[in-house]
Every structure is written in structure tokens, then in C-alpha cells.
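Notes follow once the structure below has been shown.
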2 protein chains.
Amino acid sequence: MDARAFKDTIYSEFTRIGKVLSSPKRIELLDLLSQSPKSVETLSRETKMSIANTSKHLQALLDARLVRYHKEKNFVIYQLANPKVVDLLFTIKSIAEEQIADINILREEFIVRDDSLETMELEEWENRKEEDNYVLIDVRPKAEYLSGHLEGAISIPIDELNEHLKKIPKGKEVVAYCRGPYCVYATEAVELLQSKGYHASRLEAGIHEWNQFHERQFH
Amino acid sequence: MDARAFKDTIYSEFTRIGKVLSSPKRIELLDLLSQSPKSVETLSRETKMSIANTSKHLQALLDARLVRYHKEKNFVIYQLANPKVVDLLFTIKSIAEEQIADINILREEFIVRDDSLETMELEEWENRKEEDNYVLIDVRPKAEYLSGHLEGAISIPIDELNEHLKKIPKGKEVVAYCRGPYCVYATEAVELLQSKGYHASRLEAGIHEWNQFHERQFH
DNA sequence: TAACTATTCAACTGATTAGTTGAATATTAA
DNA sequence: TTAATATTCAACTAATCAGTTGAATAGTTA
């Protein structure tokens with residue numbers, strides 16, 4: 001093997017990772033799996049793909065070794081194969097945000113909304129969380145909460161928020177978070193809460209942003 | 001726009017980055033540009049692609065905003081659009097190394113070779129570099145050296161090594177480095193130097209590994 | 001001005017890929 | 001054992017992509 005053949009082989013191996021990131025649905029699958037392990041059926045429902053197509057995309061992710069699976073009853077549960085995949089998603093999002101202006105415009109429109117909907121940055125929350133007049137709610141599906149959540153958060157999945165309003169002490173300020181800066185659940189939660197007379201704001205972070213923030217503190 | 005359309009649009013934007021990483025030649029182009037800005041012609045020569053094809057791949061990278069260019073005389077000089085692209089390449093390589101076993105086997109065979117060829121880790125070099133009986137040589141093309149190099153390194157491009165042996169003080173131990181852990185130049189340099197009676201070893205790092213190492217020290 | 005150089009564009013071919021549909025497999029529960 | 005459920009596989013279509021070739025463009029030098 002000469003130097004050229006070596007380079008070609010090595011770079012082809014690297015593209016196994018790139019190839020898999022070239023489909024929106026596969027990135028969405030990775031993003032979902034970064035929140036918690038999930039069955040094919042759950043992933044198919046969340047991504048609005050057919051089961052067969054979901055399965056095929058998962059095979060592709062498996063082939064690139066970005067995910068692995070185990071069986072539970074007759075479910076196949078997929079999860080990320082390596083925590084670095086979270087870093088990979090982070091880096092891609094961060095470059096996309098800096099280089100592709102449309103992304104921020106879209107996110108501003110759809111997630112951040114206008115000034116009527118209050119946003120709280122993670123750093124601000126870290127300073128305020130001891131203040132005792134805040135409740136932090138995690139509006140993701142229960143399984144994702146159970147797989148890992150912010151310190152002190154209580155779980156009220158967005159679907160159940162309307163029925164479980166009583167879990168939220170009146171008089172407290174509500175801070176809602178979901179999967180991260182591109183997840184719409186927290187926005188929806190804050191809208192609902194505001195309409196019911198709560199003072200609520202959306203935390204601009206998810207579990208991964210929180211973890212990264214706290215890793216940096218220790219470094 | 002509903003939530004599904006928003007997700008589809010956002011994830012499609014992210015794939016602009018993924019798509020571009022799905023071709024070995026494009027990753028190689030990014031890797032080369034991470035060492036220094038380069039003209040289309042240089043890139044075409046280094047990657048062994050036709051000029052037209054090189055240009056087309058560069059257009060694709062441009063489209064994803066991973067590179068930008070300026071003109072000098074009648075050359076078009078491309079460079080990375082954002083230093084985070086280096087992080088992106090790092091993360092991909094690091095996941096590939098952990099998840100795809102073949103990569104390490106190949107690298108071991110082709111770059112590290114057997115025990116006859118001494119390898120020095122960056123950390124060891126950091127401890128030894130004050131010792132005064134070492135010369136550090138950068139065997140990359142001159143332009144890459146000029147664009148940024150390790151502290152104290154002298155430039156002797158691999159092509160010119162044989163003619164410029166006199167630049168290396170006899171009696172000193174030689175440490176050679178090139179573009180990074182997948183670059184063959186330092187291996188070739190150490191082989192040549194050993195055959196000429198020098199005591200030489202290959203530094204398992206390039207400029208980016210060095211930068212990352214020193215950023216961590218400060219954090 | 002003309003000749004030269006570096007780069008890009010346009011048109012084409014062969015290969016790869018996303019998504020669909022329906023059948024096959026494998027595990028569980030009755 | 002049989003029926004039910006979850007997942008995968010196989011075959012197909014439409015779309016996209018890498019690389020080639022040759023022509024067009026634009027900037028430089030004489």
C-alpha cells in the first residue's frame with residue numbers, strides 16, 4: 001500500500017461518519033437518542049417515518065458504529081454508542097449556527113418567539129436557582145427525564161401539563177426546559193402556563209448544555 | 001409552519017455540514033486547509049484530483065460555508081471559514097478511532113510502524129523540550145510552517161530533507177512532526193534520518209494537537 | 001493589444017441513496 | 001401450538017452525486 005492508497009482508505013473510513021450525518025432524519029434520530037435510549041417504534045413515531053424506513057436508517061447508524069442496541073422483550077432499544085456523538089452533534093450545530101444565518105432566523109421565529117415569551121440563559125438560571133421562588137420543570141417525555149435531568153427539576157411531560165398544573169405551586173415562577181435550544185416543547189409549555197396566569201420562562205438549555213456547562217466549571 | 005416542518009427544515013440545514021463530510025476527498029481538502037490556506041492547484045496536486053473536480057468539491061464546501069476564499073493574482077486561495085471546523089475534524093477522527101477498529105490497525109501499520117521507529121507523545125515532548133539536546137523539525141511544505149508551527153521548530157520540508165541534512169546539528173536527537181497522527185511525512189523523515197545515522201523519533205502530533213494541548217493547560 | 005494561466009461551468013455517465021410496499025423473521029403471550 | 005407484536009429484509013423507483021471532458025471566463029504579463 002502506498003501513501004495515496006493509505007490516505008484514500010483512511011478518509012473513506014472517516015466518511016462513514018459523515019455519510020450518516022448527511023440525512024436530516026438520521027441526525028434527528030441521533031438527536032433523539034442523545035436524550036435517552038428508545039425503541040424503533042418510538043423513534044418512528046417521533047420522526048414521523050415509517051417503521052421500515054426508521055429501521056433502515058438505524059441500520060445505517062449502526063453500520064457507522066454511532067449507535068448500538070439491546071433487546072427488551074420484543075422491543076429493540078437503540079442508544080448512542082459513544083458519548084462523543086453528543087459532542088459531534090454539538091459541534092455541527094455550533095458551526096451551522098455561526099455559518100448559516102437562516103438557522104438563527106428560523107429558531108428565533110419558532111422557538112424564541114418575540115419578547116412576550118421570556119427566555120432564560122443557563123448561566124442566569126445557575127445564579128437564580130437557589131432563590132427558592134422558582135420551580136424547574138422538565139417537559140420532555142418521562143423516559144427522557146428518567147434517563148437524566150437537571151438538578152432539582154420535576155417531570156411534567158408537555159402532553160400532561162394541562163392536567164398536572166396542580167403540581168406547580170402557585171406563586172412560584174416556573175422555568176421550563178426540554179431537549180435543548182431547538183426543541184419546541186418548552187416554548188409550548190411557557191405559552192400554556194402564561195395563558196393560565198403563571199409567570200413562566202423558557203430555559204435556553206437541555207441536559208447536554210447543562211452537562212457541558214458543569215464540565216467547564218471543573219476544568 | 002408547524003413543528004414537523006420546523007424540525008425538517010432545521011435538520012436539513014444541519015445536513016449541509018454532514019453532506020459535505022460524506023466524501024473522502026472533501027474531508028481531505030478540509031484536512032489540508034486546516035494546515036494552511038491553499039490554491040485550487042495545490043489542493044488538486046495534493047489530493048490527486050483533476051483541477052475541475054477539485055474546484056467542484058471546493059464549491060460544495062463553500063456552499064456549506066465551511067471554507068471561504070480570496071484572490072491573489074490569478075490564484076484563488078481557499079481557507080477554512082471557521083476555526084470550529086478543526087474541532088469538527090477532531091471529533092470525527094476521535095469517534096472513528098474509538099468506534100472503527102480498522103483505523104487504528106491501518107495507522108499502526110502505515111504511520112507508527114513497528115518498534116524500530118520511535119514515537120514520542122506530545123506530553124513527553126513537552127517535558128523534554130527544554131533539555132537542549134533536541135532539535136524539532138517541521139517536515140511539512142514551507143507554506144504550512146509559515147502559517148503556524150510548534151514553538152522552536154525549524155522548517156525542513158520532507159522533499160528537501162536529504163539536501164538540507166546539514167541544518168541538523170550532529171549529536172542532537174531529532175524529533176520530526178508533520179500534519180498530525182495520520183500524516184506520513186514524519187514517518188518518512190525519521191526513516192531517512194535513521195538510515196543516515198541520526199537518532200530520530202516521530203512526534204505523534206501536529207499543530208492542532210499542540211494548540212489543543214495548550215488550550216487545556218489554560219482552562 | 002494578444003498570449004497565457006488559473007479557475008469555473010456545462011453536459012454527460014455510472015453509482016449510490018431515500019423512501020415505499022409487502023413479505024419474512026423472531027419474540028412474547030395465550 | 002397459535003396469534004399477536006416488533007422489527008428487519010428484499011425489490012423497486014426517483015433523485016442525487018462523483019468524476020470526466022472540453023469549452024468558457026477572468027485576471028495577468030508582455
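Residue numbering restarts at 1 for every chain, and letters A, B, ... go by the order of the sequence lines.
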Practice task
Measure the distance from CZ on A:Arg26 to P on C:dT16 and round it to the nearest whole Å.
Solution key: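 Atom-to-atom, A:Arg26 to C:dT16, this comes out as 15 Å.
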
Practice task
Mind listing the residues from residues 53-77 of chain A sitting with a heavy atom below 4.0 Å of DNA chain D? Number order is fine.
Solution key: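 Within residues 53-77 of chain A, the residues near DNA chain D are A:Ser55, A:Gln59, A:Asn74, A:Phe75, A:Val76.
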
Exercise for the section: For the pair B:Phe110 and A:Phe6, name the ring-plane relationship: parallel under 30°, tilted 30 to 60°, perpendicular over 60°. Expected result: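 Plane angle under 30°, so parallel.
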
Handout entry: Parallel, tilted or perpendicular: ring planes of B:Phe14 versus B:Tyr11, cut at 30 and 60 degrees
Key =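 Aromatic pair B:Phe14/B:Tyr11 classed perpendicular.
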
Problem - Segment of DNA chain D, first to last nucleotide, that comes within the 4.0 Å heavy-atom reach of chain A - result: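 Going 5' to 3' along DNA chain D, contacts run D:dT5 to D:dC9.
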
Problem - The single option from A:Leu80, A:Leu30, A:Asn82, A:Leu33 passing side-chain contact (heavy atoms from CB on, under 4.5 Å) against A:Leu66 - result: A:Leu30

Taking atom [atom1] as the centre, does [X] end up with more than 12 heavy-atom neighbours from other residues, nucleotides or ligands that are less than 6.0 angstrom away?
X: A:Lys73; atom1: NZ; value: no
X: B:Glu123; atom1: CD; value: no
X: A:Glu151; atom1: CD; value: no

Problem - Approximate separation, where rounding is to 0.5 Å, of B:Tyr185 OH and B:Tyr177 OH - result: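 Interatomic distance, B:Tyr185 OH to B:Tyr177 OH, rounded to 0.5 Å: 14.5 Å.
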
Handout entry: Sub-6.0 Å ring centroid separation between B:Tyr69 and B:Phe75
Key =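 So the answer is no for these two rings.
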
Practice task
With heavy atoms under 4.0 Å as the rule, sort B:Ser22 into base, sugar-phosphate or nothing.
Solution key: nothing

